[in-house]
Amino acid sequence: MKAWEIFYKEICSGELVKSGDKILLAVSGGPDSVCMTHLFWRFSKKMNTEIVIANFDHGLRKESKKESEIVRRLSENLKVKFITEKLDVEKYAEDNNISIETAGRDLRYSRLLKIAKENKCNKIATAHNANDNAETVLMWLLRGSGSFSGIPYTRKAEKNIEIIRPLLAVKRKDIEAYVKGQKLPNGQKLPFCIDKSNFSHEYTRNKIRHTIVPSFEKINPMAVEHIFSLSRIQAREDAFLQEISERFLKKCVKTAKNKILLDLTTFLRYNEAIRFRVLKLILPEKKYSFQINLIMDKILAADKSLYRLSSDWVFSIKQNKAVFENVKI
């Protein structure tokens, strides 16, 4: 199936969008977000929905002004409301001691939420696709996160605002074919731009995108689809086990100002998979699987030695309790 067929099927069968929804589209000007914009524009003619376009200039590349102009022209041609803002990503990254990539993502979502509220949008749509999902699964695997659930179709941003990803089942090559084959109402081709930073091997995701995924596809051309199927199965199972784990957590965990106390008598009665998830839920900082397994080994061995989780947190076993303590407070 091509981009429109997959998009339409996912939108309708998954109830990602309903009649009366007002959707804020995050549009960078790249093929993915331009494709999403055109698909939603077509969809709005079939169902009573309204769309608004938001674009951000991160101020990191000289091409960013040109890209915002491309999105503005797209909006005008489709007669869709257009909002653009400039984000000082470098300053935000420096002030918060985080990477440029993380700073850009945090600022984007923060501003998208604010714009959605101001424009009474109940949904925010981003253009993550099947390849993005495969890259995320592989990145988590390499980092030892212990999950293959990938990018979620939806997540709650606030009580009345939901983030949706309607292109998640669409491969990048189908998106590119779509934007090259479609036209604007005035007969012109769909305008889009290519972010050159996507080809830099400086970022982990790009290394996976340009080396690992192509290698997988040489072995099996359906690799991206199979990773997507795996991530959906994992996401369903995660949701089920998460519900059980949260219920059990209430029975064995108590929190104080600077401590998390885990009652080991109750905890050790649980299934091994539930124990792992309970630990992942209460672990105060990095939730890597190797660290969770290490803590579990210490609990099973009744090892009472102090273990430093980070510069702020330590772990120990005291009087049949596993204790996570913030030593900086």
Side-chain angles (χ1 to χ4, degrees), residues 7 10-12 14-30 32-60 64-65 67-96 98-129 132-133 136 150-168 195 235 239 242:
F7 171 85
E10 294 298 327
I11 284 280
C12 296
E15 295 188 331
L16 287 179
V17 177
K18 298 178 182 178
S19 179
D21 281 346
K22 189 173 182 182
I23 309 152
L24 179 66
L25 310 182
V27 184
S28 65
D32 299 349
S33 59
V34 168
C35 174
M36 179 181 71
T37 300
H38 195 266
L39 289 168
F40 266 116
W41 175 75
R42 289 176 63 183
F43 184 77
S44 66
K45 298 180 182 302
K46 293 178 173 289
M47 184 179 281
N48 175 32
T49 56
E50 184 180 351
I51 56 176
V52 177
I53 290 175
N55 169 264
F56 301 113
D57 178 355
H58 294 71
L60 298 172
S64 57
K65 287 185 180 180
E67 292 165 357
S68 291
E69 179 60 21
I70 286 173
V71 180
R72 184 191 65 78
R73 285 195 286 111
L74 174 68
S75 305
E76 287 180 353
N77 273 283
L78 299 179
K79 294 181 170 55
V80 176
K81 183 175 181 179
F82 172 64
I83 299 166
T84 185
E85 293 185 7
K86 187 163 185 177
L87 307 178
D88 195 343
V89 176
E90 285 186 324
K91 185 176 186 304
Y92 186 83
E94 186 178 343
D95 290 347
N96 293 275
I98 55 178
S99 70
I100 290 289
E101 196 175 17
T102 300
R105 182 175 61 248
D106 290 352
L107 278 176
R108 279 196 305 276
Y109 278 108
S110 173
R111 295 305 301 163
L112 282 168
L113 189 56
K114 186 173 187 298
I115 293 169
K117 290 176 182 177
E118 291 170 349
N119 289 271
K120 295 181 172 55
C121 297
N122 65 315
K123 287 177 180 171
I124 298 169
T126 67
H128 293 91
N129 60 49
D132 293 324
N133 181 72
T136 297
I151 302 170
Y153 261 117
T154 67
R155 72 174 176 87
K156 282 284 185 184
E158 285 201 356
K159 183 179 180 182
N160 298 315
I161 301 176
E162 186 178 22
I163 294 173
I164 63 172
R165 299 178 174 98
L167 296 187
L168 206 54
D195 183 350
Q242 183 79 359

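Computed from heavy atoms alone, side chains included, the values below leave out hydrogens, waters and symmetry copies.
Residue pairs meeting the salt bridge (Lys or Arg N to Asp or Glu O under 4.0 Å) criterion with at least one partner in residues 70-79, sequence neighbours excluded, are Glu69-Arg72, Arg72-Glu76.
Contacts of Tyr92 classified as ring-ring contact (aromatic ring centres under 6.0 Å, His included), with partners at least two apart in sequence or in another chain: none. Checked against salt bridge (Lys or Arg N to Asp or Glu O under 4.0 Å), Asp132 has the following partners two or more places apart in sequence or in another chain: Arg172, Arg209. By the side chain to side chain contact (heavy atoms under 4.5 Å, CB included) test, Thr102 is found to be paired with Ile98, Ser99, Arg105, Asp106, residues two or more places apart in sequence or in another chain being considered. Glu85 meets the side chain to side chain donor-acceptor pair (under 3.5 Å) test with Arg111; sequence neighbours excluded. Residues that satisfy the side chain to side chain donor-acceptor pair (under 3.5 Å) test with Lys18, not counting sequence neighbours, are absent from this structure. Shown here are the salt bridge (Lys or Arg N to Asp or Glu O under 4.0 Å) partners of Lys120, two or more places apart in sequence or in another chain: there are none. Considering only residues two or more places apart in sequence or on other chains, Ser44 meets the side chain to side chain contact (heavy atoms under 4.5 Å, CB included) condition with Thr49. Judged as a side chain to side chain donor-acceptor pair (under 3.5 Å), and not counting sequence neighbours, the contacts of Lys114 are Glu118. The side chain to side chain donor-acceptor pair (under 3.5 Å) search around Arg155 returns none, not counting sequence neighbours. Partners of Lys22 according to the salt bridge (Lys or Arg N to Asp or Glu O under 4.0 Å) rule, which considers only residues two or more places apart in sequence or in another chain, are Glu50.
Taking each heavy atom of Gly29 and Val34 in turn, the nearest pair found is O-CG2, 3.6 Å. For the residue pair Ile51 and Val80, the shortest heavy atom distance occurs at O-CG1, 3.3 Å. Listed here is the closest heavy atom pair of Asp32 and Leu167: O-CD1, 3.5 Å. Across all their heavy atoms, Asn133 and Gly150 have their closest contact at OD1-CA, 3.5 Å. Nearest approach of Leu168 to Ile151, heavy atoms of both residues: CD2-O, 3.1 Å. Shortest non-hydrogen contact noted between Ala116 and Leu24 is N-CD2, 3.8 Å.
No side-chain heavy atom of Thr84 sits under 4.5 Å from any side-chain heavy atom of Val71. Leu39 is not listed as a side-chain neighbour of Ile11, based on a closest heavy-atom distance of 4.5 Å or more. Using a 4.5 Å heavy-atom threshold, the side chains of Phe7 and Arg42 count as separate. Considering only heavy atoms from C-beta on, Ile124 stays 4.5 Å or farther from Tyr109 through its side chain. Between Val17 and Pro166 the shortest side-chain heavy-atom distance does not fall below 4.5 Å. Between Phe43 and Ile23, the closest side-chain pair of non-hydrogen atoms is not below 4.5 Å.
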Under 3.5 Å, which donor-acceptor pairs do the side chains of residues 156-164 form with other protein atoms, sequence neighbours left out?
unit_1	atom_1	unit_2	atom_2	d
Lys156	NZ	Lys159	O	3.4
Glu158	OE1	Lys117	NZ	3.1
Glu158	OE2	Lys117	NZ	2.9

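Distance CZ/Arg165 to OG1/Thr154: 8.5 Å, rounded to 0.5 Å. Summarising the geometry, atom CG belonging to Asp21 is positioned 9.0 Å from atom CZ belonging to Phe40; distances are rounded to the nearest 0.5 Å. Distance OG1/Thr126 to CZ/Arg108: 9.5 Å, rounded to 0.5 Å. One distance of note links CG of Asn96 with NZ of Lys91; it measures 9.0 Å at 0.5 Å rounding.
Of the options Ser68, Ser33, Ser28, a side-chain hydrogen bond (donor to acceptor under 3.5 Å, both in side chains) to Asn55 is made by Ser68 and by none of the others.
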Show, in sequence, the C-alpha distance, side-chain angles and deciding distance for Leu74 and Trp41, and conclude whether the side chain to side chain contact (heavy atoms under 4.5 Å, CB included) test is met. CA-CA 11 Å; Leu74 174 68; Trp41 175 75; over 6 Å; no
